[in-house]
Amino acid sequence: MKLLDRFNLSGKVAAVTAGGHGLGREYCMAMAECGADVVCNDIDARLAEETIRLLAAFNVRTVAVQGDVSKPEDVERVIGEALRQFGRIDVLFCNAGITRFGAAHEMAYEDWSTVVAVSLRGTFLCMKAALPAMLKQGKGSIISTSSVAGLPGGYAPDTLAYAATKAAIIGLTRHAAIAYAKAGIRINAIAPGMHDTNPVGLGIPPEVQEQLKPLIVSRIPLGRIGEPSEIRPLAAYLASDASSFVTGQVFVEDGGMLA
């Protein structure tokens, strides 16, 4: 098989949570560009539909499904819709996540619980819902969005809850990868640094992101914030047969910050 053919996702189905904005939208674009049919989930139905309209240029089948990944019934509906519409699920991006700012002694319990529910419980629920179909198929790729904040050296002020969930996602990824390797299911994570995306999906006010940018750029050897589209090749690699011998790994994409 030619190298470029290994990135071909024609005939495969990819589901992306929080695909209506930010890096989730880029994951959807990458999947469609490589030929996969795409299920775009977002808690905001309008944003999911916007992504679907962008995917029309790639001539693949698409569907938008509104749902809150912190709710088991919503997750089951998203995965169920993928199976009902397309009959299979080959690639799952567990991408939904939010943050709330505050030091440990100041953060409200409700804020902590919300971040854990969406970012960590949501990742688990999506894996749980998609794995039976992948087990039946004997193959699948699950990619979760962690963050440099979940790795040593990735500190950002007052992001305790966000960092804790992103570190937990790495642990979940590694353990699940071992558990399902013999079933032909690969499970990996992407740990992005800061990208120039709309911060509304994470719950970061635009003014806060602007305040953080100079601090973060000063720590990036490449000297800039990442462009959203720069994550697409990594997403395509992990979703495709090009990464057929890769599982249980965390791929950092941060302009060299953690180095």
Side-chain angles (χ1 to χ4, degrees), residues 3-4 7 16-34 47 50-51 54 93-103 115 118-119 123 143-171 173-174 188-240 242-243 246 248-259:
L3 183 59
L4 287 179
F7 287 86
V16 183
T17 66
H21 58 275
L23 297 185
R25 178 169 286 178
E26 299 303 325
Y27 295 150
C28 288
M29 297 288 284
M31 297 300 96
E33 187 172 350
C34 290
L47 291 176
E50 285 180 6
T51 295
L54 292 172
F93 280 89
C94 304
N95 173 64
I98 59 171
T99 192
R100 296 289 184 269
F101 289 95
V115 175
V118 175
S119 299
T123 298
I143 303 108
S144 295
T145 301
S146 179
S147 169
V148 293
L151 291 163
Y155 174 75
D158 294 333
T159 58
L160 177 79
Y162 180 77
T165 60
K166 294 304 184 180
I169 285 169
I170 291 171
T173 294
R174 288 173 171 160
N188 295 287
I190 297 175
M194 194 172 191
H195 289 71
D196 194 13
T197 58
N198 184 342
V200 66
L202 283 175
I204 305 175
E207 63 273 14
V208 174
Q209 177 155 305
E210 290 304 314
Q211 292 169 7
L212 287 174
K213 276 184 179 180
L215 170 65
I216 294 174
V217 170
S218 71
R219 298 176 58 198
I220 300 175
L222 288 181
R224 62 179 176 84
I225 300 296
E227 291 296 325
S229 62
E230 289 181 298
I231 208 160
R232 292 187 198 176
L234 180 54
Y237 169 71
L238 291 175
S240 70
S243 59
V246 176
Q249 303 304 309
V250 181
F251 289 79
V252 177
E253 198 250 12
D254 68 348
M257 185 176 80
L258 294 190

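Basis for what follows: all heavy atoms, side chains included, without hydrogens, waters or symmetry-related copies. In this chain, numbering begins with 1 at the start of the sequence shown.
Residues forming a side-chain hydrogen bond (donor to acceptor under 3.5 Å, both in side chains) with T173 (at least two apart in sequence, or on another chain): none. Listed by chain and number, the residues in a salt bridge (Lys or Arg N to Asp or Glu O under 4.0 Å) with R232 are E26, E33 (sequence neighbours excluded). Looking at residues two or more places apart in sequence or on another chain, you find a side-chain hydrogen bond (donor to acceptor under 3.5 Å, both in side chains) between S243 and R186. Not a single salt bridge (Lys or Arg N to Asp or Glu O under 4.0 Å) links E253 to another residue, sequence neighbours left out.
Between Y237 and F7, the ring-plane angle classifies as tilted under the 30° and 60° cut-offs.
Counting all heavy atoms, side chain and backbone alike, P192 lies closest to I231 at CG-CD1, 4.0 Å. Among all heavy-atom pairs drawn from A149 and A163, the shortest one is O-CB, 3.3 Å. Closest heavy-atom contact between G154 and L258: N-CD2, 3.6 Å. Of all the heavy atoms in A18 and A96, the pair that sits closest is CB-CA, 3.6 Å. The nearest pair of heavy atoms linking P228 to D196 is CG-O, 3.2 Å. Residue V250 comes nearest to A191 through the heavy atom pair CG1-CB, 3.8 Å, listed as atom of the first residue, atom of the second, then distance.
Residue pairs meeting the side chain to side chain donor-acceptor pair (under 3.5 Å) criterion with at least one partner in residues 220-230, sequence neighbours excluded, are R224-E230.
In this model, no donor atom of one side chain and acceptor atom of the other lie less than 3.5 Å apart for T17 and N95.
Under the 4.5 Å side-chain criterion, counting only non-hydrogen atoms from C-beta, T145 is in contact with Y27. Between H21 and E50, the closest side-chain pair of non-hydrogen atoms is not below 4.5 Å.
Atom-to-atom distance recorded for Y162:OH and S147:OG is 3.5 Å, nearest 0.5 angstrom. Annotation: the span from I190 atom CD1 to D254 atom CG amounts to 12.5 Å, rounded to 0.5 Å.
Using a distance-only test at 3.5 Å, with no hydrogens or angles considered, a donor-acceptor pair links the side chain of N188 to the main chain of V246. A donor-acceptor contact shorter than 3.5 Å links the side chain of S146 to the backbone of K166. The backbone N or O of G19 lies less than 3.5 Å from a partner atom in the side chain of T51, making a donor-acceptor pair.
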Could you go through residues 215-222 and list every donor-acceptor pair under 3.5 Å that involves a side-chain atom there, pairing it with any protein atom two or more places apart or in another chain?
{"residue": "S218", "atom": "OG", "partner": "L215", "partner atom": "O", "Å": "2.5"}
{"residue": "R219", "atom": "NH1", "partner": "Y155", "partner atom": "O", "Å": "2.8"}
{"residue": "R219", "atom": "NH2", "partner": "G153", "partner atom": "O", "Å": "2.5"}

Q: Evaluate side-chain contact (heavy atoms from CB on, under 4.5 Å) for R100 paired with T159, printing each intermediate quantity in order.
A: CA-CA 7 Å; R100 296 289 184 269; T159 58; over 6 Å; no

